[in-house]
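Each chain gets a letter, A, B and so on, in the order the sequences are listed, and its residues count up from 1.
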Number of protein chains: 2
Amino acid sequence: MPKRLSGDGNPQTGSARMRDVAARAGVSTMTVSRALNEPGKVSEEMRERVLRAVREIGYLPNHLAGSLSSNRSTTIGLIVPSIDNSIYTQTVKGLSEVLKRSGFQLMIAESGYDPNEEEELITIFLSQRVSGLVLHSTEHTPQAAEKIRKSGIPVVENGNIPEEPLDMVVSFSNREASYAMTMHLGRLGYRKIAFASLYSVHNDRSQDRLQGYHAALNQLGLDPDPRIVLETERGLAAGAEVMARVVQSVPEVDALFCAGDVLAVGALFECQKRGWPVPGRIALASFDDVDLLRHVSPSVSTLRLPRYDIGERTARILLSRIIDGAEHLRGSVIDLKFELIQREST
Amino acid sequence: MPKRLSGDGNPQTGSARMRDVAARAGVSTMTVSRALNEPGKVSEEMRERVLRAVREIGYLPNHLAGSLSSNRSTTIGLIVPSIDNSIYTQTVKGLSEVLKRSGFQLMIAESGYDPNEEEELITIFLSQRVSGLVLHSTEHTPQAAEKIRKSGIPVVENGNIPEEPLDMVVSFSNREASYAMTMHLGRLGYRKIAFASLYSVHNDRSQDRLQGYHAALNQLGLDPDPRIVLETERGLAAGAEVMARVVQSVPEVDALFCAGDVLAVGALFECQKRGWPVPGRIALASFDDVDLLRHVSPSVSTLRLPRYDIGERTARILLSRIIDGAEHLRGSVIDLKFELIQREST
DNA sequence: AATTTTGTTGTTACCGCTACCAAAACCGAG
DNA sequence: CTCGGTTTTGGTAGCGGTAACAACAAAATT
């Protein structure tokens, strides 16, 4: 007795299989398969006959079976540190829109800024036989790197431009962006530039931003001062706290560069609350061009980062590798440029 | 001749299959399968022998094959109107965290507020044999509903509480939330309460919010005035524009309820820019408790919506259905309550 | 000691589809 | 009308696993 008795005429029960369609259309399953996946390889008449049968039966292809058999999948795995971080969403959108057009699906998981967690997720994704991988972080365990290498699937890193990429990279340089903004502040005449970023453990983006800041200070001939370099957590409250702390502990500070999520907005609110004129008492610069920064008063100088483009280009290059087998793209590093936006706060 | 010649000792080439592990451990594939998936059903000795072989070969199970064979998958499909909308991210996080714990994966796609697009995505997800579906929208094409019903997989809607759910619902009531805030404004003594929401075509959340507003006006004995009911797009600029427009066209307005994304913040900035005291000249209320609203000055009254909880509960109830086969949960409607937060702006 | 129960491992037949190759149908040229 | 070449279609053997059941040994029962 068969495991399951399909083939009963009842369209309610279970889902039809390709052989049911084939039977109905009076052709072989191969013809059905071709009519659906390579319509060009089938005569017009057959195609219509098959499609009609598909419609009549309400057949839904089993993509799992197809992938297994053809050893191809249309799934891309994406690992971000944290889903609720608004800065990723633009990238995800760019990715998603391009992938969708080619019939690819996105699987998303969050690593919580932990390389071990990331490794585990990579393992799961490989096990799901994703055909490509997108990693926001550029810090990985050696085992993760090895697994990826061994799997042979294309990977894009896109949170930063690492020294030793796993494979392809689509990003801007956090270091350069940070350098550029710090130089900008220096050129505007600010001499005591404080720097606030997110915690840099397991976060090479933060580390690179700090490096860029220091490189610029050096270039500007300014002495670094550890008292005005702060690491904090994400969020408005953290930004406010940083502003208050730095101004009170080192009064000669004349600028604060917030190189992390919405810290600048929190910092600005704190100034407003305390009555510190911006940029009169202290100038303020931010790292990411969230909509908000343009609308607050004073509007905040910042860096416009190509978040959406990163997603788009990532998807494109990944698809080239997967669909066209463009092996010459292996190891490509695409450095998308950022833009410095001078506003009222500096 | 076999399609592929695995079994060569080279660990670089391709990926090992279960039979390779079996051969290495000197057992059958079933034992390997059991050792990995139902460790309890295998003797300790065997388990270790198998796990060692797995490690030595660097075997990675093929989840696709497993799903096909067992007719079970560990993938949940999620369709949101737009990924870059910050209000969904909390829900996604809740979902993701619970699912991950049970070894389930999340596939995310965006429908762009279009039911036809949604239907297409549903078809794709069903074709991928997801074992559950989460839909933010509660407006679907009849075909989409039919396909879902036919597939038999559990579904959760969670953007609103619809009149006729597809299956399960985990949400708060947009109508009640909107009603509550409008009543709140009325009780505080505001008599000419303007209402701004997002476009309501294909957006039953917006429609319900509008209804709640009208119901409250009615209850308060206030006459509705179409001049002060506005629909606009998302964003700070839109909020600013609404505020300017409504105050200038109908000066007797004494409150504005922004029932949509960050509109309130834009509206508040506009007041600050124009020098209109809030709530002195006009009171301001918002719909969603984004962090920002607590930190601006004046802080903005709003509704705290259980975004994260929705994700969490959604995942839980879905897993109950999938793993435990809890059929009694079919059709459950979970109404998670919101909270009204009175702040300085009203 | 014979019989039943329990626990562990193996055998076989698929899951639903596609790659590969063979067969058939078509088609204009000689 | 036949022939080689070019579509178009079909048969078959997997893809890499798991369900279901069979087989066997050890433990428990009578």
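Here the CD1-CE distance, from B:I108 to A:M107, works out to 10.5 Å after rounding to the nearest 0.5 Å. The distance from atom CD1 of B:I161 to atom CG of B:N158, rounded to the nearest 0.5 Å, is 10.5 Å.
Whole-Å rounding puts the A:R17 CZ to C:dT18 P distance at 15 Å. The separation between B:Y59 atom OH and D:dG16 atom P is 10 Å, rounded to whole Å. Rounded to whole angstrom, the span from the CG atom of A:N62 across to the P atom of D:dG17 amounts to 17 Å. Straight-line distance from the CG atom of B:L36 to the P atom of D:dA19: 13 Å, rounded to whole Å. Protein atom CG of B:N37 is 10 Å distant from nucleotide atom P of D:dG17, rounded to whole Å. In this structure, A:K41 places its NZ atom 11 Å from C1' of C:dA19, rounding to the nearest Å. One interatomic measurement links the two molecules: CE of A:M18 to C1' of C:dC15, which rounds to 14 Å at whole-angstrom precision. Rounded to whole angstrom, the span from the CG atom of B:D20 across to the C1' atom of D:dC15 amounts to 13 Å.
Proximity of A:S33 to the phosphate of C:dT18: a side-chain N or O atom is located under 4.0 Å from OP1 or OP2. Dashed line: the shortest gap from a side-chain N or O of B:R19 to OP1 or OP2 of D:dG14 is not under 4.0 Å. Within the 4.0 Å cut-off from OP1 or OP2 of C:dA19, not a single side-chain nitrogen or oxygen of A:N71 is found.
Between the side chains of A:H136 and A:E157, no donor-acceptor pair is found at a separation under 3.5 Å.
Taking only side-chain atoms of A:S43, from C-beta outward, the nucleotide of C:dC17, D:dG16, D:dT8 with the closest atom is D:dT8. Of the listed nucleotides (C:dT9, C:dC17, D:dA19), C:dT9 has the atom at the smallest distance from the side chain of B:R34. Side-chain proximity of A:M30 to D:dA19, D:dG16, D:dG10: nearest is D:dG10.
On a pure distance criterion of 3.5 Å, no polar donor-acceptor pair joins the side chain of B:R129 and the base of C:dG16. Evaluation of atom-type donor-acceptor distances gives no pair under 3.5 Å for the side chain of B:T31 against the base of C:dG10.
When all heavy atoms of B:G331 and B:R321 are compared, the pair lying nearest together is N-NH1, 4.4 Å.
Contacts of A:V32 with the nucleic acid, taken as non-hydrogen atoms under 4.0 Å apart, are absent. B:R47 comes within contact range of no nucleotide atom at all, as no heavy-atom separation falls under 4.0 Å.
Nearer to the 5' terminus of DNA chain C, by closest-nucleotide assignment, is the contact made by B:S28 (compared with the other of B:S28 and B:L68).
We find that B:E312 and B:K93 are not joined by a salt bridge, their nearest charged nitrogen and carboxylate oxygen being 4.0 Å or further apart.
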